[in-house]
Amino acid sequence: QVQLVESGGGLVQPGGSLRLSCKASGTIFSIQVMGWYRQAPGNERELVAVISSNGSTNYSDSGKGRFTISRDSAKNTVSLQMNSLKPEDTAVYYCYAEKWRAEGKNLYKVDYWGQGTQVTVSS
């Protein structure tokens, strides 16, 4: 079991910046991927950015060049620095973790989600 606790959301003006943080606790051994998804009213939940245990990253097209994901393995924390924010970035942002477990010769993927933090970009 993995628990994810987010912080850093809030209200910001267009062009401003926010930094989201997520701390993982519990059975964190073998977590392969951590990252962020978001969901706006009427929309599906979409990927924002993820980072793997080997340090590789993947960004959405909308976030590429504006957002930066980072990790601190010692603190079991993943952060998302969001710059040049736009009104369309307004959404609930969810921390995400991916963990694999083995049963015999089979591997199973388990997804974990934080409670979500509201990001509102408005003048």
Side-chain angles (χ1 to χ4, degrees):
Q1 183 66 30
V2 174
Q3 295 81 44
L4 305 173
V5 179
E6 302 136 321
S7 62
L11 174 65
V12 66
Q13 293 184 340
S17 299
L18 282 175
R19 184 176 179 87
L20 306 181
S21 295
C22 174
K23 183 175 177 59
S25 61
T27 309
I28 60 176
F29 179 76
S30 78
I31 290 179
Q32 302 298 320
V33 174
M34 294 189 70
W36 296 89
Y37 286 69
R38 70 186 184 188
Q39 187 169 22
N43 294 337
E44 299 294 322
R45 188 172 298 186
E46 64 176 354
L47 179 144
V48 179
V50 293
I51 183 167
S52 301
S53 58
N54 62 5
S56 64
T57 58
N58 187 36
Y59 295 90
S60 66
D61 290 338
S62 62
K64 184 70 174 180
R66 299 187 297 126
F67 298 171
T68 302
I69 190 169
S70 61
R71 65 173 182 173
D72 187 334
S73 297
K75 298 180 179 179
N76 304 124
T77 299
V78 62
S79 298
L80 182 69
Q81 179 67 45
M82 302 188 293
N83 299 325
S84 302
L85 285 164
K86 307 173 182 179
E88 53 262 43
D89 295 318
T90 297
V92 177
Y93 284 69
Y94 296 90
C95 184
Y96 167 82
E98 176 183 301
K99 188 176 186 295
W100 290 82
R101 65 180 179 90
E103 292 186 358
K105 297 183 179 180
N106 297 320
L107 295 175
Y108 300 89
K109 184 171 73 72
V110 182
D111 297 335
Y112 299 92
W113 297 94
Q115 78 285 354
T117 184
Q118 177 70 48
V119 172
T120 302
V121 184
S122 176
S123 59

* Side chains of I51 and V33 in contact at under 4.5 Å (non-hydrogen atoms) -> no

Side-chain donor-acceptor pair present, D72, T77, cut-off under 3.5 Å
no

(Q) Would W36 and L47 count as a side chain to side chain contact (heavy atoms under 4.5 Å, CB included) here? Give the steps. (A) CA-CA 6 Å; W36 296 89; L47 179 144; over 6 Å; no

On the six-membered ring of Y37, is R45 placed so that its NZ or CZ lies under 6.0 angstrom from the centre and within 45° of the ring axis?
no

Nearest heavy-atom contact between R71 and N54 is NH2-C, 3.9 Å

Centroid-centroid distance, Y96 to W113, less than 6.0 Å = yes

- Can you find a heavy atom in the side chain of Q32 that is under 4.5 Å from one in the side chain of S30? yes

Report task. May I ask you to check whether S122 and T120 show a side-chain donor-acceptor distance below 3.5 Å? Result -> no

Is atom CD of Q13 surrounded by more than 12 heavy atoms (other residues, nucleotides or ligands) closer than 6.0 Å?
no

R66 and D89 have their tightest heavy-atom pair at NH1-OD2, 2.8 Å

Rounded to the nearest 0.5 Å, the SG atom of C22 sits from the OH atom of Y112 at a distance of 13.5 Å

**Asked** Is there a side-chain contact between N43 and R38, using heavy atoms and a 4.5 Å cut-off?
**Response** no

**Report entry** Non-hydrogen side-chain atoms of S70 and R19 separated by less than 4.5 Å
**Finding:** yes

_Side-chain heavy atoms nearer than 4.5 Å, only ILVMFWY residues, links allowed to pass through others: does that put L20 and I69 together?_
yes

Hey, does L80 have a side-chain heavy atom less than 4.5 Å from the side chain of V48? yes

Between P14 and S123, the two heavy atoms sitting closest are CD-N, 3.6 Å

(request) Answer yes or no: are there more than 12 heavy-atom neighbours, outside E103 itself, under 6.0 Å from its atom CD? (result) yes

Taken to the nearest 0.5 Å, the spacing of E6 CD from C95 SG works out to 5.5 Å

I'd like to know whether M82 forms a side chain to side chain contact (heavy atoms under 4.5 Å, CB included) with Y93, so could you lay out the CA-CA distance, the side-chain angles of the two residues, the decisive distance to 0.1 Å, and finally the verdict.
CA-CA 12 Å; M82 302 188 293; Y93 284 69; 3.8 Å; yes

Begin with the C-alpha distance, continue with both residues' side-chain angles, and end with the deciding distance and a verdict on side chain to side chain contact (heavy atoms under 4.5 Å, CB included) for V110 and W100. CA-CA 6 Å; V110 182; W100 290 82; over 6 Å; no

Rounded to the nearest 0.5 Å, the CD atom of E46 sits from the OG atom of S62 at a distance of 5.5 Å

Any chance you could lay out the side chain to side chain contact (heavy atoms under 4.5 Å, CB included) test for V92 and T117, step after step, and finish with the verdict?
-> CA-CA 5 Å; V92 177; T117 184; over 6 Å; no

Are the side chains of V50 and T57 in contact, using a 4.5 Å heavy-atom criterion? no

To the nearest 0.5 Å, atom OG of S84 lies from atom CZ of F67 at 9.0 Å

Here the pair of heavy atoms bringing T90 nearest to Q118 is CG2-NE2, 4.0 Å

In short, K99 meets V2 closest at the heavy-atom pair CD-CG2, 4.3 Å

*Between the side chain of S52 and the main-chain N/O of G55, is any donor-acceptor distance below 3.5 Å?*
no

When rounded to the nearest 0.5 Å, the distance separating CG of L18 from CD of Q81 is 8.5 Å

Of all heavy-atom pairs linking L4 and A24, the shortest is CD2-CB, 3.7 Å

NZ of K109 to CD of E98, rounded to nearest 0.5 Å, is 4.5 Å

